[in-house]
Structure formats: C-alpha cells, structure tokens
Amino acid sequence: MAATPRIPSSSAPGAEPPMGLRERKKLKTRAAIRRAACRLIAEQGYEATSIEQIAEAAEVSPSTVFRYFATKEDIVLTDEYDAFVEALVRSRPADEPPLVSLRFMVVEALTTFLTADDEEVRRRIRLMVEVPAVRARMAQSLSDTTQLLARVLADRSGRGADDLRIRVHVAAVLGALREVVLYWGEHGRKGDLVAMAEDALDTLEGGLRL
C-alpha cells in the first residue's frame, strides 16, 4: 500500500490534529489487509482470491475485513487520499476558475501517488483494466469523489452543494482522468501518466476540439 502522503504546510488549509492510537491501529489494519490482498491476487489471480484467504493472510477475521471494506473490489480501490485531494482543492485561490483548481489537484495527486508507491499504483490500475467487477466499482468510487469535490467548490463559490454546473465541472475532470488511467493500463502502463492527464485536461479546457 502506498504511504499516506503528508500535505505540505503551504497547501493545507489548517493544522491537522495528530491521529490517536485507535486511528493509527485502524490504518495499520487496513494496510495489512491491502498488502495481503495484493500479494494473494498477484500469486493466484483476482477471482481465485477469497475474503477468507485475505483475512487469514492479514491475520484478522473475515468479519474484520468486511468491517473495513464492504467488497473485495473496495480493497483494491479505496484509500485514505480523500482528505488529501480535498485539501489540495481547498488550498487554491477562491477566485480561481474551477478547472484550474481541479487541474492542480489532479497533477499534484497523481505525482504524489506515483512517488509514494509506483508499483502499488500500477498493480491497482492493472486490476481496474482486467477485472470487470473492479472497473464497475470504480464508477461508484468516482461518484463519491465527485460529490466530495463538488462540495468543496460549492463552499468557495457560494453555490449550493448540488449545483449542476459544479457537478459537471468535477465529473468532466474525473471522467477524463478515469479514461487516461484506463488507457494507460490498457497500453501496458507505458508513458508518462501525469503528462497524459495534463494533455487530457488541455482537451477539456480547449473545448473538446479534435
């Protein structure tokens, strides 16, 4: 599992209180479950890997796995980065165009994820490409992130949290990012993923002209 990134003080909207012992234990348990799942999936394939096997390898009970992850797909997809991407967008000037703020978030987040654990990112993207259930669950994960970032942009613009124009902005950027990630995975995870994402965002900002 990639290490949870530290938000630079220049980007963080405020000092974060240190995590307590209980929170640290939860993160360690989640990390242990992910590591076990990744190892087993690499050894025997996604479909052949059961929750019971993952639990045994992580030295927890199956009920503990389900307490942290609702489905096997969630073990692959979910992480602790929501607070990080939220802070990135909140750190931007209030009068900055939404697409510019979201572009900053995408570039900074991708760079951080790849730097933290490039191999983990590549493994997760391979599963997104190869396993239909993971790809389907990815759509729900993106929907949740869309709602989160839409609330951030609504807060700074004075619009309602359910404002359609804001949701369209966020969904367009995250949709473009999804296609970039899948394209990169489908083509052997070759090339500069960050540069490809920037090129896709150029296409959005240019009015989707070919």
Side-chain angles (χ1 to χ4, degrees), residues 1-7 12 16-89 105-106 108-149 151 174 177-178 180-182 184-186 188-189 193-194:
M1 173 192 170
T4 303
R6 292 180 62 85
I7 301 170
E16 296 291 334
M19 284 190 297
L21 178 60
R22 184 177 180 183
E23 287 72 21
R24 292 198 300 272
K25 285 183 175 180
K26 285 182 178 180
L27 285 178
K28 287 181 180 179
T29 301
R30 289 172 69 88
I33 293 170
R34 281 206 197 89
R35 283 195 301 269
C38 287
R39 178 175 60 79
L40 289 170
I41 290 169
E43 291 174 356
Q44 59 192 33
Y46 182 82
E47 296 299 337
T49 301
S50 68
I51 292 294
E52 289 73 20
Q53 290 173 326
I54 294 170
E56 182 178 359
E59 298 184 344
V60 297
S61 67
S63 62
T64 297
V65 175
F66 282 119
R67 187 160 65 247
Y68 285 92
F69 302 98
T71 67
K72 187 166 67 172
E73 293 77 35
D74 285 340
I75 301 176
V76 176
L77 291 173
T78 58
D79 51 44
E80 283 71 53
Y81 286 112
D82 276 357
F84 178 60
V85 298
E86 178 182 357
L88 287 173
V89 178
M105 178 273 296
V106 167
E108 289 294 311
L110 279 180
T111 301
T112 299
F113 303 162
L114 291 167
T115 301
D117 195 335
D118 179 73
E119 285 305 311
E120 172 69 14
V121 171
R122 290 173 181 271
R123 282 194 297 267
R124 292 174 72 177
I125 291 175
R126 179 178 61 79
L127 291 173
M128 292 174 194
V129 170
E130 296 178 356
V131 182
V134 173
R135 187 182 295 209
R137 187 64 175 170
M138 181 184 180
Q140 180 59 52
S141 178
L142 283 177
S143 177
D144 294 341
T145 304
T146 296
Q147 293 182 42
L148 169 68
L149 296 179
R151 287 195 298 271
L174 294 185
L177 178 60
R178 172 185 181 275
V180 167
V181 165
L182 291 176
W184 190 63
E186 290 163 359
R189 300 175 295 284
L193 179 58
V194 176

| Candidate pair Thr64 and Arg67, rule side chain to side chain contact (heavy atoms under 4.5 Å, CB included), full reasoning | CA-CA 5 Å; Thr64 297; Arg67 187 160 65 247; 3.4 Å; yes
Looking at every non-hydrogen atom in both residues, tell me the closest pair between [X] and [Y] and how far apart they are.
| X | Y | answer |
| --- | --- | --- |
| Ala48 | Gln53 | O-OE1, 3.2 Å |
| Ile33 | Val65 | CD1-CA, 4.0 Å |
| Ala32 | Ala58 | O-CB, 3.8 Å |
| Met128 | Val134 | CA-CG1, 3.8 Å |
| Val76 | Arg124 | O-NE, 2.6 Å |
| Ala57 | Arg39 | CB-NH2, 3.4 Å |

| field | From Ile54, Val131, Ile75, Leu127, residue fulfilling side-chain contact (heavy atoms from CB on, under 4.5 Å) relative to Ile41 | value | Leu127
First locate atom [atom1] of [X], then atom [atom2] of [Y], and finally report the distance between them rounded to the nearest 0.5 Å.
| X | Y | atom1 | atom2 | value |
| --- | --- | --- | --- | --- |
| Arg137 | Leu142 | CZ | CG | 11.5 Å |
| Thr29 | Tyr68 | OG1 | OH | 4.0 Å |
| Glu86 | Leu88 | CD | CG | 10.0 Å |
| Trp184 | Arg126 | CH2 | CZ | 12.5 Å |
| Ser50 | Leu40 | OG | CG | 8.0 Å |
| Thr145 | Met138 | OG1 | CE | 10.0 Å |

| Glu186 atom CD: more than 12 heavy-atom contacts under 6.0 Å | yes
| message | Salt bridge or not between Arg189 and Glu130? Use side-chain N to carboxylate O under 4.0 Å. | response | no
| Between the side chain of Ser143 and the main-chain N/O of Ala139, is any donor-acceptor distance below 3.5 Å? | no
Do [X] and [Y] have side-chain heavy atoms sitting under 4.5 Å apart?
| X | Y | result |
| --- | --- | --- |
| Glu43 | Thr49 | no |
| Ile125 | Arg122 | no |
| Arg34 | Arg30 | yes |

